[in-house]
Amino acid sequence: MASICEFDLPGLRHWLAEQGAAPTHARGLLRHFYAGAPVVDWSTSVMPHRIQPDLAQRSILETKIRQRHLSTDGTIKLLIDLKDGLSIESVLMPGYRPDRAACCLSSQVGCAMGCDFCASTRDGLLRNLSVTEIVEQFLLLRHEARLLDRRLTSLVFMGMGEPMHNLANVIAAIGRIADPDLGGLGWRQVTVSTVGIVPGIDALAEADLNVHLAVSLHAADDLTRQRIVPTGHKYPVIEIVAAARRFQEKTGRVPTIEWCLLAGINDTSAQADKLADLLDGFRAHVNLIPWNNIGVGTSGAVYARPVPERLAEFADRLRARGVVVHIRETRGDDVSAACGQLVQLRK
Ligand code: SAH
């Protein structure tokens with residue numbers, strides 16, 4: 001039996017009609033579900049009696065929290081069991097404001113991209129997440145935020161997986177999560193992060209959703225990039241940056257360039273200069289992520305975080321060229337909840 005999260009508004013209208021119920025109930029029913037989920041009390045909702053048991057059954061979440069890991073910095077990582085026995089991880093990050101939180105969602109079980117410095121890809125890709133599984137991550141994390149008296153106000157697809165390889169489900173899930181009548185998060189609060197799948201970036205721009213784009217570039221030339229990101233063989237740096245520019249032209253949204261800083265590999269002054277050249281005349285923001293320890297890379301390469309002085313010098317060099325640079329604060333690394341540390345746990 002499909003979960004209610006599989007239904008968009010036209011879908012639920014259609015289903016209600018099939019049950020012999022008035023399709024006009026659809027919006028109210030979805031609103032009621034999304035306002036409360038994962039705790040939904042249907043007795044307080046106006047709905048045809050005939051469909052109540054069925055809808056109640058469909059609103060029980062398919063996924064379950066197996067473990068909650070709490071970091072000393074307040075970050076919460078959830079290990080979530082899927083109904084086929086696989087698992088994923090998702091993260092809640094309480095914000096700088098005492099009443100807010102952000103979350104990081106997975107789009108796949110595992111990942112096929114093979115980035116050498118990332119743990120999420122080590123066991124490869126097991127499967128895509130369904131619309132329901134993506135929406136439920138949001139509902140579970142929103143509930144965690146509510147327990148802390150915080151409002152979940154932003155969402156990034158920076159957990160496990162490559163969202164562009166599960167784009168139809170990611171877009172459908174964003175539809176449920178962002179819609180003011182359903183999850184109510186708002187489109188602009190959502191960021192889709194990609195390793196640089198050019199057709200995916202174009203498809204996301206075409207979808208015209210008002211969401212943000214982040215591109216995990218990590219290197220300014222193809223040789224350096226291919227050492228650490230295997231998909232670099234398929235999509236050259238120049239084409240990825242061109243796609244990010246097209247995204248900006250089409251949507252008006254400023255893309256973020258993600259850069260996981262690896263000592264001695266992509267933290268050099270030469271890389272900073274090349275990146276500034278690439279971004280010349282392009283108002284993308286650069287997000288520097290000091291590498292989080294995941295042990296030795298799949299290739300056997302040993303990575304390290306640059307020392308703080310190198311990080312500062314890299315950022316300053318870009319800023320001197322007029323690039324807007326943010327340095328991502330490491331969060332949740334004591335419970336392996338930081339970027340690149342999320343994994344699937346086999347039972
Ligand atoms: N596949 C998508 C979504 C994953 S996002 C993408 O590549 O964008 C996860 C982000 O964390 C990416 O920018 C990724 O490059 C970065 N990351 C991966 N491993 C990391 C690590 N060990 N330390 C810091 N950042 C890492």
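Position 1 is the first residue of the sequence; numbering continues from there. Note that ligands are numbered from 1 as they come in the structure, with each ligand's atoms numbered from 1 the same way.
Using a 4.0 angstrom heavy-atom cutoff, S107 does not count as in contact with ligand 1. Within the 4.0 Å heavy-atom cutoff, H218 counts among the residues contacting ligand 1. Residue S120 places no heavy atom under 4.0 Å from ligand 1. Within the structure, ligand 1 has E162 among the residues with a heavy atom less than 4.0 angstrom away.
Side-chain N/O atoms of N287 and T256 include no donor and acceptor closer than 3.5 Å. With no hydrogens or angles considered, a side-chain donor-acceptor pair links T194 and E162 at under 3.5 Å. Between the side chains of Q137 and S90, a donor-acceptor pair is found at a separation under 3.5 Å. Judged purely by distance below 3.5 Å, without hydrogens or angles, the side chains of T132 and E6 pair a donor atom with an acceptor atom.
Looking from atom 4 (C) of ligand 1 to the surrounding protein, the closest heavy atom is G159 O, 3.6 Å. Remark: minimum distance from atom 5 (S) of ligand 1 to any protein heavy atom is reached at M158 CA, 3.4 Å. The protein heavy atom nearest to atom 3 (C) of ligand 1 is G161 O, 3.4 Å. Residue, atom and distance of the protein heavy atom nearest to atom 12 (C) of ligand 1 are S216 OG, 3.3 Å. For atom 23 (N) of ligand 1, the closest non-hydrogen atom of the protein is N292 N, 2.8 Å. In terms of protein heavy-atom proximity, atom 19 (N) of ligand 1 is nearest to G340 CA, 3.1 Å. Ranking protein heavy atoms by distance to atom 25 (N) of ligand 1, first place goes to C339 CB, 3.4 Å.
Counting the atoms of ligand 1 from 1 in the order shown, those under 4.0 Å from a heavy atom of E258 are 13 (O). Which parts of ligand 1 touch C118 is read off a 4.0 Å heavy-atom cut-off, strictly below it: atoms 18 (C), 19 (N).
The protein does not reach atom 10 (C) of ligand 1 closely, with no heavy atom under 4.0 angstrom from it.
H32 and W42 have tilted rings, their planes meeting at an angle from 30° to 60° on a 0 to 90° scale.
One hydrophobic cluster, built from ILVMFWY side chains closer than 4.5 Å, cannot hold both V335 and M93; they sit in different ones. Residues L141 and V109 share a hydrophobic cluster, clusters being chains of Ile/Leu/Val/Met/Phe/Trp/Tyr side chains in contact below 4.5 Å. By the rule that hydrophobic residues join a cluster once side-chain heavy atoms approach within less than 4.5 Å of another member, V324 and V215 end up as members of separate clusters.
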| message | Could you go through I51 and L29, starting from their C-alpha distance and side-chain angles, then the distance that decides it, and tell me whether this counts as side chain to side chain contact (heavy atoms under 4.5 Å, CB included)? | response | CA-CA 11 Å; I51 59 165; L29 292 174; 4.1 Å; yes
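At distances below 3.5 Å, not a single donor-acceptor pair connects side-chain atoms of H143 with backbone N or O atoms of A37.
With Q271 as the fixed residue, the side-chain contact (heavy atoms from CB on, under 4.5 Å) test singles out one of D267, L275, T268: T268.
By the 3.5 Å distance cut-off applied to N or O atoms, P290 is not counted among the residues near ligand 1.
When heavy-atom distances to ligand 1 are checked against a 4.0 Å cut-off, C260 comes that close only through its side chain, counted from C-beta outward. Contacts between M160 and ligand 1 below 4.0 angstrom, taking non-hydrogen atoms only, are absent altogether. Residue contacts with ligand 1, taken as heavy atom pairs separated by less than 4.0 Å, involve T194 solely via the backbone atoms N, CA, C and O.
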